[in-house]
Amino acid sequence: IAKRGTMKTEGMILPTLSITDSPHLAFRAVHLCWFPETRPQQIERAIRLAALLKFNYAIVEPWGTYKSERHPWRCWPNAPMTKAETSRLVALGKDLGITLIPQLNCYGHASFSRGSSSLKHSALDMPPEYAPLFEPSGWNWCLSNPETQRVLRELIAEMHENFGNPPFFHIGCDEAEPQTCPECTKTPNVELVCRHIAGLSEFVKSRGARAMIWHDMFLDKKDPRWKPF
């Protein structure tokens, strides 16, 4: 309302009011993939935009770009997601009110690329001696190998700490193939996968966090409820 009794407005009269602006969802997350061709500035811009749009979590999935100090063999050369860069982005997110959640593909996508080992593999294309950790195709981790379980736990612990020990850790588990190696096929696939996910979930829980997964691969495609999708 314009101020009365003057030729030109010198001020405005605002009615008394209160503004209530709170989101309906407590958990509001966006998923960011960090590919070898993705620059850190692009990830930072995405985090800033997510915060502006009132997301409060961002799941960051490195595709062979996380430069692990514990297992440096499993990333691409000159991997951009260094510990220092990760810590910087985590601090930036915290300042903006958005918590960064690390994702480590712990079942399928073990090549950390868009294809299997026949195309490119962030580990096996360079140090092929680590082949026992993966299925013959290179797309899955070998779930029956105790060394695989050790390596995955060490990577989870390293990433979780580097991300400031957030309340969640994403273990992936999407787009996997049935196991084919001689050791894995000794156990029914469902039993093997359930044991694997439950074990990693307990490990994440022991670090004070909750494990997250992509659930679409666990849906029964014969269920009529999924017919339109």
Side-chain angles (χ1 to χ4, degrees), residues 21 23 25-117 119-127 138-139 141 151-152 154-175 204 207 209-214 216:
D21 181 23
L25 297 174
F27 185 90
R28 307 178 302 283
V30 63
H31 172 226
L32 306 175
C33 285
W34 194 327
F35 299 110
E37 63 271 22
T38 306
R39 293 177 290 111
Q41 294 86 344
Q42 292 173 285
I43 299 295
E44 178 177 339
R45 183 174 62 183
I47 292 170
R48 289 184 179 277
L49 178 60
L52 179 66
L53 297 175
K54 299 186 179 181
F55 287 96
N56 57 354
Y57 291 96
I59 299 165
V60 182
E61 177 185 356
W63 285 53
T65 52
Y66 182 73
K67 201 171 185 64
S68 167
E69 294 179 0
R70 192 71 182 269
H71 295 284
W73 52 269
R74 55 154 297 281
C75 66
W76 299 106
N78 303 316
M81 196 175 170
T82 62
K83 281 199 167 183
E85 183 63 24
T86 299
S87 296
R88 184 185 75 82
L89 291 174
V90 168
L92 170 71
K94 185 177 181 181
D95 207 38
L96 296 171
I98 185 166
T99 300
L100 302 194
I101 299 172
Q103 180 181 330
L104 176 67
N105 290 316
C106 296
Y107 185 17
H109 285 291
S111 63
F112 296 100
S113 72
R114 294 184 185 273
S116 65
S117 59
L119 299 174
K120 61 179 183 176
H121 196 298
S122 66
L124 298 185
D125 280 2
M126 291 166 284
W139 185 249
W141 290 93
V151 167
L152 286 175
E154 289 174 355
L155 287 170
I156 288 172
E158 182 180 20
M159 290 183 71
H160 190 235
E161 183 178 352
N162 195 183
F163 274 71
N165 299 304
F168 299 97
F169 192 100
H170 205 303
I171 60 174
C173 296
D174 65 324
E175 299 181 3
V204 171
R207 295 188 54 82
R210 184 177 180 183
M212 304 171 70
I213 62 171
W214 302 122
D216 52 295

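Values reported hereafter were calculated over all heavy atoms of this structure, with side chains retained and with hydrogens, waters and symmetry mates removed.
- Applying the side-chain contact (heavy atoms from CB on, under 4.5 Å) criterion to Leu53, with sequence neighbours excluded, gives Leu49, Phe55.
- Between the side chain of Ser122 and the backbone N or O of Ser111, at least one donor-acceptor pair lies under 3.5 Å.
- Scored by the side-chain contact (heavy atoms from CB on, under 4.5 Å) test, Lys83 finds Tyr66, Glu69, Glu158, Asn162 as partners (sequence neighbours excluded).
- Neither side chain, His170 nor Glu61, offers a donor N or O lying under 3.5 Å from an acceptor on the other.
- Phe168 pairs with exactly one of Ile101, Ile59, Leu100, Thr99 by the side chain to side chain contact (heavy atoms under 4.5 Å, CB included) rule, that one being Ile101.
- Counting all heavy atoms, side chain and backbone alike, Ala211 lies closest to Val204 at N-CG1, 3.7 Å.
- A 4.5 Å side-chain heavy-atom check between Cys75 and Phe112 finds every atom pair outside the cut-off.
- Although no hydrogens or angles enter the test, the distance criterion places no donor-acceptor pair under 3.5 Å between the side chain of Glu85 and the main chain of Thr82.
- Glu44 has a carboxylate O that lies under 4.0 Å from a charged side-chain N of Arg88, or vice versa, which qualifies the two as a salt bridge.
- Met81 is listed as a side-chain neighbour of Val60, based on a closest heavy-atom distance under 4.5 Å.
- Under the 4.5 Å side-chain criterion, counting only non-hydrogen atoms from C-beta, Val151 is in contact with Trp73.
- The two atoms that bring Glu161 and Arg207 nearest to each other are N-NH2, 3.8 Å, heavy atoms only.
- A heavy-atom distance below 4.5 Å is not found between the side chains of Tyr107 and Ile171.
- Using cut-offs of 30° and 60° on the angle between ring planes, the pair Phe27 and Tyr57 is parallel.
- Leu155 approaches Ser68 most closely through the heavy-atom pair CD2-OG, 3.6 Å.
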### Query
Between Ile156 and Cys106, is a side chain to side chain contact (heavy atoms under 4.5 Å, CB included) present by the stated rule, with each step listed?
CA-CA 9 Å; Ile156 288 172; Cys106 296; 4.2 Å; yes

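- In this structure, the separation between CG on Asn105 and CG on Asp174 is 6.5 Å, given to the nearest 0.5 Å.
- In this structure, the ring of His109 has its center no less than 6.0 angstrom from the ring center of Trp214.
- You'll find the side chain of Arg28 reaches within 4.5 Å of the side chain of Pro23, heavy atoms only.
- Of all heavy-atom pairs spanning Ile47 and Gly93, the tightest one is CG2-CA, 4.3 Å.
- Considering only heavy atoms from C-beta on, Met126 comes within 4.5 Å of Trp76 through its side chain.
- In this structure, OG1 in Thr86 is found 11.5 Å from NZ in Lys67, a value given to the nearest 0.5 Å.
- Contact between Val90 and Phe163 at its shortest, heavy atoms only, is CG1-O, 3.5 Å.
- Note that CG of Leu32 and CZ of Arg45 are 11.5 Å apart. Values are rounded to the nearest 0.5 Å.
- For Asp95, there are no salt bridge (Lys or Arg N to Asp or Glu O under 4.0 Å) partners, not counting sequence neighbours.
- Judged purely by atom type and a 3.5 angstrom limit, His160 uses its side chain to pair as donor or acceptor with the backbone of Pro166.
- The two residues Arg74 and Ala123 make their nearest non-hydrogen contact at CA-CB, 4.1 Å.
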